[in-house]
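Reviewing the structure listed below.
Just so you know, these numbers come straight off a predicted model, no measurement behind them.
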Amino acid sequence: MVLSNLEPKSVFRFFEELCRIPHGSGNTAAASAWAEAFARERGLRCRRDEAGNVVIWKEASAGYEDHPAVMLQGHLDMVCVAGPGVAHDFTRDPLELEVDGGWVRAKGTTLGGDDGIAVAMVMALLDDGAIPHPPLEAVFTVDEEVGMLGATALDGSDLRARYLLNIDSEEEGVLTVGCAGGARCDLTGTFPAAPGGGVVCTLTVSGLQGGHSGVDINKGRANANKLLAECLDQLPGLRLISLRGGAQDNAIPGSAEAVFLLPAGASEGRRPSVRPDPELEPHFSCAFTAAGGCGGPALSEEDSRRVVRLLLDAPNGIQSMEPDLPGQVRTSLNLGVMRLEAGELSLTWSVRSSDAGEKEALIARLEALAGSAGGSFSRRGEYPAWPYRKESPLREAMVRVFRRLYGREPKVETIHAGLECGILADKVPGLDAVSFGPQMVDIHSDRERMSVESVQRTWDYLREVLREL
């Protein structure tokens, strides 16, 4: 066990157990079975539904029988991203954990601290008979990272909690009390490929920071899919063979690649380039190679220009800011996935907004873009915004405990990212929710890491909050 010497031992033990189980979005059956077996082995009432969500109940400890029930919630799935040149099969391979200077990370891949650490903390609570607590309802959802599909499918009719502790935030000392709603949008189109001659070339942009398409969208990080299109626009006579960029719609793509034909002689001295901010993207690189040869099936020059123009015209990034909350994003989108294979084009965006009207207007803009390109459009994985609650006894209690433990005020904010709190609040009337968590950085990227000391502090804080409630 790589994490066996870390404190709190019980939390890191369960976290490492989960990391040995492949649990990317859409591949959580084994993780759900593991959570269900955990409950059965301890004699705890539980249920697992057809979607794979697992709910576990634990009776109140002595003296807390009359206290309102508390829902503890996290999701079982993770975003699967491997670094350049890293061969990792997320459907089969366990994560390779390491401890590096007080941080836990996975070698060359995402760590899944979002949201495996929530699962681990909740299991450690359920496994410990000495921690005072009200009645507990542990809710482990699936497929949160691909549209909160598990939470949407969850039957909440047997849930009685008044308070929800969602452990799915990544900045210690921050209490999140509202979030944006969102949707995933897909554009598809067919462009006939025909044999053609010329020089086979490859253009790759890589080394970008990437990151979370919600919490990092305001940090000025470049989108590899958009940068690649800017480079391709500089090449006359271009005939596209393939495009590949990004792995998840909710992760800012850090690399993208195009394979294409150029007329004989046109590739000589050709070095298309773009220049993202070097302070924000210090490791960016743009590589162009001309392999020679006679080519093969490729889009026509006209259709290639249409595809490049579509990528250039595609909206991306911040669209508006909150007028009453300085520095906070209201509406954004991320062109996270780009594919062109055998003439079949597909683009996927993650759209986010705390304003339902702006969200719908942005989605309509994408649909119009698809129509102008002769393509098809669809939307999926929608989830509601979680509105700020003016009166919140839970928030007041958590602020009170934080102040008592640390002698300072926590930061209370809404975020421009999706959380399951809004969906669960719709299913359990009157549910009062707050999201929090330990310090993690660069989530949804192969640089993701989680602070060991912050996990300990967050664990202590969670136990004191339960004692208070």
Side-chain angles (χ1 to χ4, degrees), residues 146-149 152 180-193 213-214 217-218 221-234 238-240 242-253 256 258 274 299-323 329-385 416-418:
V146 290
M148 306 190 189
L149 304 181
T152 300
R184 280 154 175 77
C185 296
D186 299 297
L187 183 158
T188 58
T190 300
F191 300 87
S213 70
I217 202 71
N218 63 341
R221 298 180 180 179
N223 182 303
N225 293 335
K226 297 287 287 184
L227 286 186
L228 184 69
E230 291 182 32
C231 288
L232 295 174
D233 192 45
Q234 302 172 29
L238 172 81
R239 293 188 60 190
L240 289 171
S242 67
L243 295 170
R244 186 174 187 85
Q248 305 282 345
D249 63 280
N250 59 354
I252 302 170
V274 290
L299 274 61
S300 68
E301 185 175 343
E302 180 182 359
D303 281 345
S304 296
R305 286 297 158 199
R306 289 174 62 196
V307 170
V308 172
R309 178 49 53 188
L310 172 63
L311 293 170
L312 292 173
D313 291 342
N316 184 76
I318 296 172
Q319 303 297 299
S320 69
M321 302 294 289
E322 290 284 4
V329 180
R330 170 181 279 190
T331 302
S332 77
L333 76 169
N334 174 61
L335 176 54
V337 182
M338 172 186 67
R339 299 286 186 272
L340 174 66
E341 297 289 345
E344 298 295 327
L345 176 70
S346 63
L347 306 175
T348 303
W349 288 265
S350 173
V351 175
R352 303 176 189 270
S353 183
S354 55
D355 183 279
E358 287 194 12
K359 184 184 84 169
E360 289 304 315
L362 186 52
I363 292 173
R365 183 179 170 191
L366 292 177
E367 186 170 11
L369 182 69
S372 66
S376 299
F377 179 83
S378 61
R379 56 197 288 178
R380 58 191 167 94
E382 299 197 45
Y383 54 93
H416 189 67

Candidate pair T331 and E358, rule side-chain hydrogen bond (donor to acceptor under 3.5 Å, both in side chains), full reasoning:
CA-CA 7 Å; T331 302; E358 287 194 12; 2.4 Å; yes
Please name the pair of heavy atoms, one in N250 and one in R184, separated by the smallest distance, quoted to 0.1 Å.
ND2-NH2, 3.4 Å
Check: S304 side chain, L240 main-chain N or O, donor-acceptor pair, under 3.5 Å
yes
Qualifying salt bridge (Lys or Arg N to Asp or Glu O under 4.0 Å) pairs with a residue from residues 364-380, counting only residues at least two apart or across chains
D186-R380, E360-R379, R379-E382
Among L243, N316, D233, which one satisfies side-chain contact (heavy atoms from CB on, under 4.5 Å) with L311?
L243
Checking W349 side chain against A183 main chain: does a donor-acceptor pair fall under 3.5 Å?
no
Between R239 and E301, is the closest basic N to carboxylate O distance under 4.0 Å?
no
Compare every heavy atom of L366 with every heavy atom of P315, then report the nearest pair and how far apart it is.
CG-CD2, 3.6 Å
Between CG on residue L333 and OG on residue S350, distance to nearest 0.5 Å:
8.0 Å
Donor-acceptor check, side chain of S300 to backbone of D303, threshold 3.5 angstrom: yes or no?
yes
Between S332 and I318, is there a donor-acceptor pair closer than 3.5 Å when you use the side chain of the first and the backbone of the second?
no
Spacing of E322 atom CD and S354 atom OG [to the nearest 0.5 Å]:
3.5 Å
What heavy-atom pair brings G374 and R306 nearest, and what distance separates the two atoms?
N-NH2, 4.5 Å
SB check D313 R309 (cutoff 4.0 Å):
yes
Taking the side chain from K226 and the backbone from L312, do they hold a donor-acceptor pair closer than 3.5 Å?
yes
In this structure, SG of C231 is separated from CG of L238 (nearest 0.5 Å) by 11.5 Å
Could you grab the distance from atom CD1 of I363 to atom OG of S353, nearest 0.5 Å is fine?
9.5 Å
Distance-only donor-acceptor hits, side chain of residues 334-347, under 3.5 Å, sequence neighbours excluded:
unit_1, atom_1, unit_2, atom_2, d
N334, OD1, N223, ND2, 3.3
N334, ND2, D249, O, 2.7
N334, ND2, A251, O, 3.2
R339, NH1, G245, O, 3.0
R339, NH1, G246, O, 3.0
R339, NH2, G246, O, 2.8
E344, OE1, T190, OG1, 3.0
E344, OE2, T190, OG1, 3.2

Might you confirm whether atom CZ of R221 has over 12 heavy atoms from other residues, nucleotides or ligands at distances under 6.0 Å?
yes
